[in-house]
Amino acid sequence: MKAAYIERFGGPEVLQYGDLPDPTAGPGEVVIDVFAASVNAADWKFRNGEYARHGQIKFPQIPGRDFSGVVSAVGSGADLKSGDAVFGVIAAGKEGTYAEKIAVNAAIVAKKPEALSHVNAAALALTGLTAINALDDTLKLKRGETILIQGGAGGVAGFAIQFAKHIGARVITTTSAANRDYVRELGADEVIDYNAQDFTKVVSGCDAVFDTVGGDVAKKSFAVLKPGGRAAFIASGAEAPKPDRNDVTALRPPVPRSRAAMERVAQLYTAGAIRPPEIKLYALSQAAEAHRMSQSRHFRGKLVFQIR
Ligand SMILES: NC(=O)c1ccc[n+]([C@@H]2O[C@H](COP(=O)([O-])OP(=O)(O)OC[C@H]3O[C@@H](n4cnc5c(N)ncnc54)[C@H](OP(=O)(O)O)[C@@H]3O)[C@@H](O)[C@H]2O)c1
């Protein structure tokens with residue numbers, strides 16, 4: 001099969017495109033012919049070696065976490081059949097979707113709604129899983145609450161804005177001026193241009209914060225919470241930053257994989273609660289270019305490999 005892969009950790013230039021052996025389906029697994037896979041920020045952190053534990057990585061390694069495709073082989077005990085159109089996110093701690101084929105545990109894969117294209121399904125898979133886990137399972141966001149979503153034009157945040165509105169919350173988000181209209185169209189009630197305004201000066205009394213930016217933005221986010229408020233962080237590593245006040249809660253969403261979680265993403269799409277983000281398409285052979293764009297941290301929506 002064709003794949004984009006690395007033989008060592010490093011910058012975007014270490015990404016190669018070429019032939020690697022086809023995977024086979026182990027017990028409980030299916031092989032999926034991948035039609036689309038999206039670029040997530042985790043992919044270039046992996047490529048850089050940020051997740052490497054010394055001595056445990058064997059090269060070549062194929063990056064990539066989410067996919068949409070069609071089942072082409074079924075391992076013993078797997079409850080899907082050849083020809084099923086499916087989408088999902090591979091198991092935590094694994095990579096490998098920048099390829100024409102992947103082997104995945106069938107229990108974490110969901111059927112793709114017919115009306116959802118493979119490209120859109122790949123764009124919504126990890127972003128949807130993460131946003132739902134953060135807002136609902138972790139922050140327990142409720143109708144009538146106010147949430148500040150940091151990084152509104154990004155992949156996860158774009159899903160989160162729509163999902164928060166679906167829950168019935170009021171959404172404040174941060175973005176650069178170029179993406180103001182985009183986040184408004186996603187449903188944001190109030191938009192802060194982070195280059196023109198310090199969000200800590202103009203936002204206060206929030207019930208919740210969802211930070212997808214990290215660094216100082218994450219640390220400063222506690223300031224906008226009302227007493228008893230909660231904040232969830234996905235761009236600050238494995239642990240949430242420590243609050244600088246003792247009347248708020250800092251949370252790190254665990255983002256567990258499951259078929260049920262992917263089915264929630266599918267249902268939200270089918271119900272019209274979520275529409276796909278703006279998408280820029282790449283071929284797998286352009287993986288280095290796609291990573292340069294993702295790593296710039298300034299684009300909107302999702303970057304997706306159209307593989308078939
Ligand atoms: N399971 C997990 O824990 C999990 C899952 C998914 C993602 N993540 C992490 O979550 C983070 C977000 O991922 P993503 O894929 O959604 O990101 P992304 O799509 O790469 O985010 C890019 C966006 O961030 C915005 N941005 C950059 N700096 C900003 C700032 N200072 N304030 C507000 N917006 C800013 C940019 O908008 P402008 O161009 O307007 O600046 C751009 O639209 C990453 O660190 C990723 O690793 C974790």
Side-chain angles (χ1 to χ4, degrees), residues 40-42 66 89 92 124-175 183 186-192 194 199-200 202-258 260-269 271 273-274 277:
N40 289 285
D66 51 14
V89 179
L124 293 176
L126 181 59
T127 56
L129 181 71
T130 308
I132 293 169
N133 185 251
L135 265 52
D136 194 12
D137 306 326
T138 304
L139 287 167
K140 304 196 189 308
L141 187 68
K142 299 279 180 303
R143 169 175 295 277
E145 288 191 320
T146 296
I147 184 168
L148 170 65
I149 297 176
Q150 298 281 22
V156 178
F159 193 109
I161 291 171
Q162 300 183 75
F163 184 50
K165 291 307 297 175
H166 176 66
I167 288 171
R170 182 168 172 271
V171 175
I172 307 170
T173 195
T174 53
T175 187
V183 297
L186 293 175
D189 298 292
E190 196 180 321
V191 183
I192 295 163
Y194 64 82
F199 69 88
T200 63
V202 290
V203 184
S204 61
C206 290
D207 301 283
V209 169
F210 179 36
D211 176 60
T212 73
V213 174
D216 278 352
V217 172
K219 289 185 196 131
K220 285 164 63 184
S221 290
F222 295 114
V224 309
L225 287 171
K226 69 180 193 190
R230 44 299 167 214
F233 300 88
I234 58 161
S236 301
E239 307 272 334
K242 273 209 167 8
D244 51 4
R245 49 190 277 201
N246 58 14
D247 59 349
V248 296
T249 311
L251 302 156
R252 205 316 176 184
V255 197
R257 279 61 164 159
S258 70
M262 297 320 303
E263 285 172 349
R264 281 187 84 186
V265 175
Q267 282 155 8
L268 284 165
Y269 171 78
I274 298 290

Engineer: Under a 3.5 Å distance rule, please check whether Asp66 uses its side chain to pair with a backbone N or O of Val89 as donor and acceptor.
Structural biologist: no

Engineer: Just to verify, what does Thr175 make a side-chain hydrogen bond (donor to acceptor under 3.5 Å, both in side chains) with, not counting sequence neighbours?
Structural biologist: none

Engineer: Between Thr212 and Gln150, is there a donor-acceptor pair closer than 3.5 Å when you use the side chain of the first and the backbone of the second?
Structural biologist: yes

Engineer: Between Leu139 and Ile147, does the side chain to side chain contact (heavy atoms under 4.5 Å, CB included) criterion hold? Intermediate values first, please.
Structural biologist: CA-CA 10 Å; Leu139 287 167; Ile147 184 168; 4.0 Å; yes

Engineer: How about Phe159 and Tyr269: are their ring centres within less than 6.0 Å of each other?
Structural biologist: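 Between Tyr269 and Phe159, which both carry aromatic rings, the centre distance is not below 6.0 Å.
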
Engineer: Using side chain to side chain contact (heavy atoms under 4.5 Å, CB included), reason through Lys140 and Leu135 one step at a time and then give a plain yes or no.
Structural biologist: CA-CA 6 Å; Lys140 304 196 189 308; Leu135 265 52; over 6 Å; no

Engineer: With the side chain counted from C-beta on, respond yes when Lys142 and Ile167 share a heavy-atom pair under 4.5 Å apart, and no when they do not.
Structural biologist: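 A side-chain contact is absent here, since even the closest heavy-atom pair is not under 4.5 Å.
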
Engineer: Is the shortest heavy-atom distance from the side chain of Pro253 to the side chain of Thr130 under 4.5 Å?
Structural biologist: no

Engineer: May I have the step-by-step check of salt bridge (charged side-chain N to carboxylate O under 4.0 Å, His left out) for Asp189 and Lys165, ending in yes or no?
Structural biologist: CA-CA 9 Å; Asp189 298 292; Lys165 291 307 297 175; 2.8 Å; yes

Engineer: Would a 4.5 Å heavy-atom cut-off, applied to side chains only, mark Leu186 and Thr173 as touching?
Structural biologist: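 The answer is no, as the side chains (C-beta and beyond) never meet within the 4.5 Å cut-off.
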
Engineer: Quick one: are Val209 and Val248 in side-chain contact, heavy atoms under 4.5 Å?
Structural biologist: no

Engineer: With side chains defined as the heavy atoms from C-beta onward, is the minimum distance between Thr127 and Pro277 less than 4.5 Å?
Structural biologist: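 No, their side chains stay 4.5 Å or more apart.
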
Engineer: Is there a side-chain contact between Lys220 and Phe199 (heavy atoms, below 4.5 Å)?
Structural biologist: yes

Engineer: Evaluate Ile132 against Leu268 for side chain to side chain contact (heavy atoms under 4.5 Å, CB included), listing each step before the verdict.
Structural biologist: CA-CA 10 Å; Ile132 293 169; Leu268 284 165; 3.6 Å; yes

Engineer: Between Thr174 and Leu148, is any pair of side-chain heavy atoms under 4.5 Å apart?
Structural biologist: yes

Engineer: Flag yes if more than 12 heavy atoms outside Arg245 fall under 6.0 Å of its CZ atom; otherwise flag no.
Structural biologist: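 Enclosed: over 12 neighbouring heavy atoms sit under 6.0 Å from CZ of Arg245.
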
Engineer: Who pairs with Arg230 by side-chain hydrogen bond (donor to acceptor under 3.5 Å, both in side chains), at least two apart in sequence or on another chain?
Structural biologist: Glu145

Engineer: Among residues at least two apart in sequence or on other chains, which ones pass salt bridge (Lys or Arg N to Asp or Glu O under 4.0 Å) with Arg264?
Structural biologist: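 Listed in chain order: Asp136, Asp137.
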
Engineer: Strictly distance-based, threshold 3.5 Å: is any side-chain N or O of Arg257 a donor or acceptor partner for the main-chain N or O of Met262?
Structural biologist: no

Engineer: Determine whether Phe210 and Thr138 satisfy the following criterion, side chain to side chain contact (heavy atoms under 4.5 Å, CB included), listing intermediate values before the conclusion.
Structural biologist: CA-CA 10 Å; Phe210 179 36; Thr138 304; over 6 Å; no

Engineer: Between Gly152 and Ile161, which heavy-atom pair has the shortest distance, and what is it?
Structural biologist: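 For Gly152 versus Ile161, the nearest heavy atoms are O-CD1, 3.6 Å.
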
